[in-house]
S.K.: 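Okay, here's the structure, questions in a sec.
As the structure lists them, so they are numbered: ligands from 1, and atoms in each ligand from 1.
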Amino acid sequence: MAQAPMEEEECPELIPIEDQEVAGEEAELSHGTKIPVTIITGYLGAGKTTLLNYILTEQHSKRIAVILNEFGEGIALEKSLAISQGGELYEEWLELRNGCLCCSVKDNGLKAIENLMQKKGKFDYILLETTGLADPGAVASMFWVDAELGSDIYLDGIVSVVDAKYGLQHLTEEKPDGLINEATRQVALADLIIINKTDLISQEELNKIRSAVRSINGLVKILETQRSRVDLCEVLDLHAFDSLSGISLQKKLQHVQTTHPHLDKSIVTVTFEILGNTTEENLNEFIQNLLWEKSVKDKAGHPMEVIRLKGLVSIKDKSHQVIVQGVHELYDLEETMVSWKEDDERTNRLVLIGRNLDKDILKQVFIATMTEKQENS
Ligand SMILES: Nc1nc2c(ncn2[C@@H]2O[C@H](COP(=O)(O)OP(=O)(O)OP(=O)(O)O)[C@@H](O)[C@H]2O)c(=O)[nH]1
Ligand SMILES: [Zn+2]
């Protein structure tokens, strides 16, 4: 089974809303009161809306706000919601019997989140469906750069729904400008992949699409579904971007393997481990050369293109492990709660997903940056 080794985890409890209201401003500072947002992405028709409708109508104890970017057909909700004319932003929020809030918008998910935040206290989780052709990296980036948004909510994870029947076709589609196609980006950036519509394919085809997905993203957890029926625990509270993931990430990173090109011009996952310490300055330099300057090249001289970067590193003089998160050109370093026990176990483990990635060269560049500065000091 192509699944990451984390599925025994218990479904975390959400914080009761009463506590949040009482806690007030003080609690604002703590991570606990921020509302998690999960981005649901996936190619046109893959089953995103089906997934969100399933969650909205399913019995569960959570109060989830769902932002659909358009309406699915034949759902119970449809009766109670008037679809806006002319495609302008539709902002009416509906409270459902199971405690969910639902809103349907066209295009502007972020505006919807801002409106939603005015209803603070009525929900404790946000699911946001992006349009099928959206680059989830661009949406994810907003949460990092928009400080106002970032004080109320945090990005929990990116879930990509893959069409079991047409997924391979989407992944191999060539863009005329040589850019990485949307379907591949969505798989590369995902923290969870749902291969949906398995009823439409044979076991053999399922194996094919699963290994294609795995070849792109060696880190991601993969689920297989019909009608996007998943256990909510598997989708929510992934903590894929925050330092809380330090502990589980450590275990997870150890299972990641460098993947091999599967599709033409394919995106791969590269992972490596280097013992010792780096410094914050060195690490920034390494990442910026890679993500910003694009000065790190493969053997053929092509610049390496990194879509997703994740890692746990050891920074000199820091007692705790530092988590590295990168999406396209944005990245972030954050100290985790996991401390280094003994100095001799200090190590740096990185996972990079992208194009033209050469593991040996990446290792050399990383090691070179470490030693260079050590000589200077
Ligand atoms: N056979 C089959 N059809 C499915 C399954 N899941 C969803 N569908 C159908 O696939 C179609 C597209 O599903 P949606 O949930 O609207 O997909 P979407 O990703 O939201 O689509 P866009 O928003 O248009 O990008 C609908 O007609 C669904 O009923 C499944 O597991 N099997
Ligand atoms: Zn949809």
S.K.: Would you check whether K197 has a nitrogen or oxygen atom less than 3.5 angstrom from a nitrogen or oxygen atom of ligand 1?
M.R.: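 Yes, at least one N or O pair falls under 3.5 Å.
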
S.K.: Heavy-atom contact check, 4.0 Å cutoff: does E129 meet ligand 1?
M.R.: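 Under 4.0 Å: yes for E129.
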
S.K.: Under 4.0 Å from a heavy atom of D199: which atoms of ligand 1 are those, numbered in the order shown and with their elements?
M.R.: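 Listed by number with element, the hits are 1 (N), 2 (C), 30 (C), 31 (O), 32 (N).
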
S.K.: Look at the rings of W292 and Y331 and say which category their plane angle falls in: under 30° parallel, 30 to 60° tilted, over 60° perpendicular.
M.R.: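 Plane angle between 30° and 60°, so tilted.
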
S.K.: Considering only heavy atoms of L200, which atoms of ligand 1 have at least one such atom less than 4.0 Å away?
M.R.: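 Matching atoms, with element in brackets: 1 (N).
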
S.K.: Do E280 and K318 meet the salt-bridge criterion of a basic N to acidic O distance under 4.0 Å?
M.R.: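 Judged by the 4.0 Å cut-off on N to carboxylate O distance, K318 and E280 do form a salt bridge.
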
S.K.: Do S314 and N277 pair up side chain to side chain, a donor and an acceptor below 3.5 Å, judged on atom types alone?
M.R.: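 S314 vs N277: donor-acceptor pair found between side chains.
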
S.K.: Begin from the C-alpha positions of T269 and N217 and carry the test side-chain hydrogen bond (donor to acceptor under 3.5 Å, both in side chains) through to its verdict.
M.R.: CA-CA 6 Å; T269 300; N217 192 329; 4.6 Å; no

S.K.: Please confirm whether T50 comes within less than 3.5 Å of ligand 1 when only nitrogen or oxygen atoms on both sides are compared.
M.R.: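 Indeed, backbone or side chain, T50 has an N or O that close.
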
S.K.: Using only heavy-atom distances, determine whether the side chains of T347 and E273 contain a donor-acceptor pair under 3.5 Å.
M.R.: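 Yes, E273 and T347 have a side-chain donor paired with an acceptor closer than 3.5 Å.
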
S.K.: Going by distance only, is there an N or O of R227 that falls short of 3.5 Å from an N or O of ligand 1?
M.R.: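 It does: an N or O of R227 is found under 3.5 Å from an N or O of ligand 1.
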
S.K.: Check each atom of ligand 1 against the heavy atoms of Q226 and keep those under 4.0 Å away; list them by number with element.
M.R.: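 The list of qualifying atoms is 31 (O).
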
S.K.: So, applying side chain to side chain donor-acceptor pair (under 3.5 Å) with Y43, which one of K48, Q169, E173 is it?
M.R.: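 Among K48, Q169, E173, the one that satisfies the side chain to side chain donor-acceptor pair (under 3.5 Å) with Y43 is E173.
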
S.K.: Report yes if L51 has an N/O atom closer than 3.5 Å to an N/O atom of ligand 1; otherwise report no.
M.R.: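 Looking only at distances, the answer is no, because the N/O contact criterion of under 3.5 Å is not met.
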
S.K.: Any salt bridge (charged side-chain N to carboxylate O under 4.0 Å, His left out) involving residues 154-169? Give me the pairs, sequence neighbours left out, ordered by first then second residue.
M.R.: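 For residues 154-169, and leaving out neighbouring residues, the salt bridge (charged side-chain N to carboxylate O under 4.0 Å, His left out) pairs sorted by first residue read D163-K197.
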
S.K.: List the steps, then state whether salt bridge (Lys or Arg N to Asp or Glu O under 4.0 Å) holds for K294 with E329.
M.R.: CA-CA 10 Å; K294 310 237 187 310; E329 298 188 350; 3.0 Å; yes

S.K.: Using a 4.0 Å cut-off to any heavy atom of L44, which atoms of ligand 1 qualify?
M.R.: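 Ligand 1 atoms under the 4.0 Å threshold to L44: 25 (O).
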
S.K.: Non-hydrogen atoms of A46 versus ligand 1: any pair closer than 4.0 Å?
M.R.: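 True for this residue.
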
S.K.: Using a strict cut-off of 4.0 Å, indicate which atoms of ligand 1 neighbour a heavy atom of T49.
M.R.: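 In order of number, 15 (O), 16 (O), 18 (P), 20 (O), 23 (O).
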
S.K.: Taking only non-hydrogen atoms of V161, do any sit less than 4.0 angstrom from ligand 1?
M.R.: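 No.
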
S.K.: Measuring only between side-chain heavy atoms, which start at C-beta, is Q203 closer than 4.5 Å to L206?
M.R.: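 Yes. Closest side-chain heavy atoms under 4.5 Å.
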
S.K.: So that I can check it, does any N, O or S atom in T49 come closer than 2.8 Å to the Zn ion (ligand 2)?
M.R.: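 Checking the Zn ion (ligand 2) against T49, an N, O or S atom does fall under 2.8 Å.
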
S.K.: Tell me which N, O or S atom of E129 sits nearest to the Zn ion (ligand 2).
M.R.: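 Atom name of the closest N, O or S in E129: OE2.
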
